[in-house]
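Encoded as structure tokens, the structure appears first; notes follow it.
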Number of protein chains: 2
Amino acid sequence: MEYQLSFSVNKKIYLRDPEGTELGKEIVKHSIELIYKLGFEQFTFKKLALEIGSTEATIYRYFENKHRLLLYILNWYWCYMEYLLMYRLQNISDIKARLEIVLDLLTSELPEGSGHLDFNLQLLNHIVIAESSKVYLIKEVSEINKNEVFKAYKDLCAKIAEIIHEFNPSYQYPHSLSTTLIECIHQQQFFCINLPRLTDNLHQRISASKFTSAFARDLLFKVLQNP
Amino acid sequence: MEYQLSFSVNKKIYLRDPEGTELGKEIVKHSIELIYKLGFEQFTFKKLALEIGSTEATIYRYFENKHRLLLYILNWYWCYMEYLLMYRLQNISDIKARLEIVLDLLTSELPEGSGHLDFNLQLLNHIVIAESSKVYLIKEVSEINKNEVFKAYKDLCAKIAEIIHEFNPSYQYPHSLSTTLIECIHQQQFFCINLPRLTDNLHQRISASKFTSAFARDLLFKVLQNP
DNA sequence: AATAAATGATAGTATTCCTATCTTTGTTGA
DNA sequence: TCAACAAAGATAGGAATACTATCATTTATT
């Protein structure tokens, strides 16, 4: 497996392609570390510039603002998820097994293959859990959605919806179940760690991802196996 | 029904009780309008002060920062929700009907009783949908959680979990299902309006709340009626 | 070797997010 | 009724954020 994954990260997300230069890659790599460390609110281009020994102005040449940078990171994540999903589904024809692969993909601690990438997928996972909804929960969402910047997320959602549909063609809400599954898995992991009373893993008997996995599996199959 | 609802809005959320003064009520009332209008990111105390003909410094005497103000608003909402829930559950003993009341409460466009309150519940509803998760998706969540500032949300969640448990005592995840239900209902409404491809209400054939209600009901009963 | 592109260095502006201080107004209760 | 106290207004200001602009320098391209 090569590093070369041809992701269609929408060009409207960035000003200058960060994949095209060393500095660009540094920006993305260190932004993941810094957003993880500080949280998105406290993260600034100035701090990032300091971290990589560059300047604020230079980072602004790559991304309009920090929101776009987050969007870029998440786009990358969504594309990678879809890629991994397709890769793992190869040769799996059993429809229940296909659904299990979806569940495993969404709940596993880190989505494998971390060796050959130049940034930390575990940190990325944490960012997805804690920050991803901030990318669409904004006033300008409809405006920026016109530029197709959420296409990668929609594609992933559509792919999962397809597998749901294969499993139970009479189920009416494959897309909504797909997004609910994705988002609820993030939430439950977050709650397990930070607000455990909102879950049934109160005293953290098992790990956040184990608990979430069990809950999500139970929910998914009950919804889909019900007549 | 009187205005007097004795809510236990945690004192650690505010510096000076906004319920105690006219100005305090103005702050809360207009902050709801302004957060709705601008979105939480663009909302500032300066703009709010201008709106109510007061000053920034004065608002800081009530709330430490805008995050606390949002927390206060949501606390009020969660308390109100729990109050409404208990009120509606009176005299309802049929366990399926009790669950229907939960669903209706969470998905109805505005939670009734808007006349006697001095702020707009419809706007509040929009804020809950678009901004509520920002209140906990922060780096300091564990820190501020120690002050019990999320108690109202946990109580609401626990109450719904109780009803879920009554309906199906063998179901293992009443709390997680409760939060998933609440959060997923917000999400689906948001997606219906802003990113409809993430739902199965693509061309908005029915209203966001009608669609969400149908989806949530289907999900809830399938999860709980499954053997 | 000439030229263009990318980056660095620096500066500056408007706004945000506060904190401090001083004055005025309104309330209470001795 | 007057003292004193709390709330609010007015104003100032500082550190940080979120940019934009300009010009010099380095690096790659042809």
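Chain letters run A, B, ... following the sequence lines, proteins first, then strands; residues in each count from 1.
Each of A/Glu56 and A/Tyr62 was assigned the nucleotide of DNA chain C with the nearest heavy atom; the assignment lying further toward the 5' end belongs to A/Tyr62. Between A/Phe45 and A/Arg61, the one whose closest nucleotide on DNA chain D sits nearer the 5' end is A/Phe45.
Of the candidates C/dT10, D/dT11, D/dA18, the closest approach to any side-chain atom of A/Tyr60 belongs to D/dA18. If you check C/dC18, C/dT10, D/dG9 against the side chain of B/Thr55, the one that comes closest is D/dG9.
OP1 or OP2 of C/dT7 has not a single side-chain nitrogen or oxygen of A/Ser54 nearer than 4.0 Å. A close approach under 4.0 Å does occur between a side-chain nitrogen or oxygen of A/Thr58 and OP1 or OP2 of C/dG8. Taking only side-chain nitrogens and oxygens, A/Arg16 comes nearer than 4.0 Å to OP1 or OP2 of C/dA6. Regarding contacts with the backbone of D/dA16, every side-chain N or O of A/Lys47 stays at 4.0 angstrom or more from both OP1 and OP2. Taking side-chain N and O atoms only, B/Lys66 has a distance below 4.0 Å to OP1 or OP2 of C/dC17. The phosphate of C/dC17 has neither OP1 nor OP2 within less than 4.0 Å of any side-chain N or O from B/Thr44.
Atoms CG (B/Asn65) and P (D/dT17) sit 15 Å apart, rounded to a whole Å. In this structure, A/Asp17 places its CG atom 15 Å from C1' of C/dA5, rounding to the nearest Å. The distance from atom CD1 of B/Ile59 to atom P of C/dT16 is 13 Å, rounded to the nearest whole Å. Atom pair B/Arg68:CZ and C/dC17:P shows a separation of 15 Å (rounding to whole Å applied). Put simply, CG on A/Leu23 is 13 Å from P on D/dA28, counting in whole angstrom units. As a whole-Å value, the separation of B/Leu69 CG from C/dC17 P is 12 Å. When rounded to the nearest whole Å, the span between NZ of A/Lys46 and P of D/dA15 equals 13 Å. In this structure, A/Gln42 atom CD and D/dA18 atom P are separated by 10 Å, rounded to whole Å.
Side-chain contact between B/Ile27 and B/Ile52 is present, with heavy atoms from C-beta onward closer than 4.5 Å. Residues A/Val102 and A/Leu220 have side chains not in contact (no heavy-atom distance under 4.5 Å, counting atoms from C-beta outward).
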B/Phe190 vs A/Tyr136, side-chain contact (heavy atoms from CB on, under 4.5 Å): CA-CA, chis, key distance, verdict = CA-CA 10 Å; B/Phe190 185 88; A/Tyr136 57 77; 3.7 Å; yes
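Residue contacts for A/Glu64: at a heavy-atom cut-off of 4.0 Å it reaches the sugar-phosphate backbone alone, with no base atom in range.
Geometrically, B/Lys139 engages A/Tyr36 in a cation-pi contact, judged by NZ or CZ lying under 6.0 Å from the ring centre and within 45° of the ring axis.
Taking the six-membered ring for Trp and thresholds of 30 and 60 degrees, B/Phe211 and A/Tyr173 have ring planes more than 60 degrees apart, a perpendicular arrangement.
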